[in-house]
S.K.: 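First the structure, which I've put down as structure tokens, then a few questions once you've had a look.
Owing to the predicted nature of the structure, the values given are computational and were not obtained by experimental measurement.
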Amino acid sequence: QVQLVESGGGLVQAGDSLRLSCVLSGRAFSSYAMSWFRQAPGKEREFVATISRGGGNTNYVDSVKGRFTISRDNAKNTVFLQMNNLKPEDTAVYYCAAENNVWASRRQSDYDAWGQGTQVTVSS
């Protein structure tokens with residue numbers, strides 16, 4: 001049973017930075033491609049970023065390109081989301097997700113496990 005636990009959310013001002021972390025337990029972390037999704041109030045959950053199993057490939061939604069960076073440390077079973085120059089429209093609950101594959105898709109139904117989410121609030 002794969003379990004994911006996110007941390008690092010909080011309340012920040014526009015222009016600030018945050019780093020989210022997500023630890024996977026229960027299975028071999030290196031077997032999973034990892035992604036971050038987010039859900040803003042009143043909106044559907046959307047894809048944010050993904051990183052391949054080996055860490056060599058990443059992909060981002062256009063709205064965060066150049067501001068967010070996804071990375072992983074396979075020795076620590078952890079995936080990170082570094083968020084710089086945060087904007088009020090980045091306010092959402094952020095979820096990490098794991099897909100048992102070399103490369104993860106943007107289709108939420110493909111994922112094998114989800115974390116409980118961590119709140120990010122950006123004030124203007």
Side-chain angles (χ1 to χ4, degrees):
Q1 183 86 7
V2 175
Q3 293 188 322
L4 300 172
V5 178
E6 303 101 332
S7 61
L11 171 63
V12 297
Q13 293 186 330
D16 286 349
S17 298
L18 276 177
R19 188 174 82 154
L20 305 183
S21 300
C22 172
V23 178
L24 183 149
S25 62
R27 291 288 188 272
F29 180 67
S30 59
S31 297
Y32 292 86
M34 301 295 297
S35 298
W36 289 94
F37 289 78
R38 67 185 179 186
Q39 187 168 20
K43 295 187 177 181
E44 294 187 352
R45 189 162 58 184
E46 67 169 353
F47 167 81
V48 176
T50 189
I51 188 165
S52 60
R53 194 162 65 187
N57 290 286
T58 58
N59 196 13
Y60 301 88
V61 67
D62 286 347
S63 60
V64 308
K65 284 180 180 177
R67 300 188 298 121
F68 291 11
T69 303
I70 188 170
S71 62
R72 64 189 295 158
D73 185 340
N74 283 0
K76 296 183 178 179
N77 294 349
T78 303
V79 62
F80 304 97
L81 186 67
Q82 177 67 43
M83 306 185 294
N84 298 330
N85 190 23
L86 282 160
K87 303 177 179 181
E89 52 263 41
D90 295 318
T91 295
V93 177
Y94 283 71
Y95 300 88
C96 70
E99 182 176 347
N100 190 352
N101 208 337
V102 174
W103 178 249
S105 75
R106 298 191 180 198
R107 191 165 52 241
Q108 297 183 39
S109 59
D110 287 345
Y111 286 81
D112 299 290
W114 293 83
Q116 82 288 350
T118 185
Q119 177 70 49
V120 172
T121 303
V122 185
S123 64
S124 58

S.K.: With rounding to the nearest 0.5 angstrom, report the CG to CG distance, Leu4 to Leu24.
M.R.: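 Leu4 atom CG to Leu24 atom CG measures 5.0 Å (nearest 0.5 Å).
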S.K.: Quick test of your reading: applying disulfide bond (SG atoms under 2.5 Å apart), list the pairs with at least one residue in residues 21-118, sequence neighbours left out, ordered by first then second residue.
M.R.: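 For residues 21-118: Cys22-Cys96.
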S.K.: Going through the checks in order, is the side-chain contact (heavy atoms from CB on, under 4.5 Å) test met by Thr50 and Trp103?
M.R.: CA-CA 8 Å; Thr50 189; Trp103 178 249; 3.9 Å; yes
S.K.: What residues form a side-chain hydrogen bond (donor to acceptor under 3.5 Å, both in side chains) with Ser123, not counting sequence neighbours?
M.R.: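 With sequence neighbours excluded, Ser123 shows a side-chain hydrogen bond (donor to acceptor under 3.5 Å, both in side chains) to no residue whatsoever.
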S.K.: With sequence neighbours excluded, give me every ring-ring contact (aromatic ring centres under 6.0 Å, His included) pair touching residues 74-97.
M.R.: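 Counting only pairs at least two positions apart or across chains, no ring-ring contact (aromatic ring centres under 6.0 Å, His included) contact touches residues 74-97.
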S.K.: Minimum heavy-atom separation for Ser35 and Ser105, please, with both atom names.
M.R.: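 Minimum heavy-atom contact is OG-O, 4.5 Å.
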S.K.: Tell me, which pairs form a side chain to side chain donor-acceptor pair (under 3.5 Å) where one or both residues lie in residues 16-33, sequence neighbours left out?
M.R.: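 Checked against side chain to side chain donor-acceptor pair (under 3.5 Å) - neighbours excluded - the pairs reaching residues 16-33 are Ser17-Asn84.
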S.K.: Return a table of donor-acceptor pairs under 3.5 angstrom between the side chains of residues 85-92 and protein atoms on other chains or two or more places apart.
M.R.:
| residue | atom | partner | partner atom | Å |
| --- | --- | --- | --- | --- |
| Asp90 | OD1 | Arg38 | NH1 | 2.9 |
| Asp90 | OD1 | Arg67 | NH2 | 3.0 |
| Asp90 | OD2 | Arg67 | NH1 | 2.7 |
| Asp90 | OD2 | Arg67 | NH2 | 3.4 |
| Asp90 | OD2 | Lys87 | N | 2.8 |
| Thr91 | OG1 | Pro88 | O | 2.9 |
| Thr91 | OG1 | Val122 | N | 2.9 |
| Thr91 | OG1 | Val122 | O | 3.4 |

S.K.: Using the test side-chain hydrogen bond (donor to acceptor under 3.5 Å, both in side chains), find all partners of Gln116 that sit at least two apart in sequence or belong to another chain.
M.R.: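 Only Glu6 meet the side-chain hydrogen bond (donor to acceptor under 3.5 Å, both in side chains) criterion with Gln116.
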S.K.: Show me the pairs that pass salt bridge (charged side-chain N to carboxylate O under 4.0 Å, His left out) and involve residues 95-112, at least two apart or across chains.
M.R.: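 For residues 95-112, and leaving out neighbouring residues, the salt bridge (charged side-chain N to carboxylate O under 4.0 Å, His left out) pairs sorted by first residue read Arg107-Asp110.
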S.K.: Where do Thr118 and Gly8 come nearest, in terms of heavy atoms and distance?
M.R.: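 Heavy-atom minimum between the residues: OG1-N, 4.3 Å.
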S.K.: According to the salt bridge (charged side-chain N to carboxylate O under 4.0 Å, His left out) rule, which pairs have a member within residues 55-64, sequence neighbours left out?
M.R.: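 Residue pairs passing salt bridge (charged side-chain N to carboxylate O under 4.0 Å, His left out), neighbours aside: Asp62-Lys65.
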S.K.: Who pairs with Gln108 by side-chain hydrogen bond (donor to acceptor under 3.5 Å, both in side chains), at least two apart in sequence or on another chain?
M.R.: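 Residues passing side-chain hydrogen bond (donor to acceptor under 3.5 Å, both in side chains) with Gln108: Arg45.
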S.K.: Met34 and side-chain contact (heavy atoms from CB on, under 4.5 Å): which partner among Val79, Thr78, Leu81?
M.R.: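 Filter result, single survivor: Val79.
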S.K.: Tell me which pairs pass ring-ring contact (aromatic ring centres under 6.0 Å, His included) where either residue lies in residues 33-78, with sequence neighbours left out.
M.R.: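 Non-adjacent pairs meeting ring-ring contact (aromatic ring centres under 6.0 Å, His included): Phe37-Phe47, Phe37-Tyr111, Phe37-Trp114.
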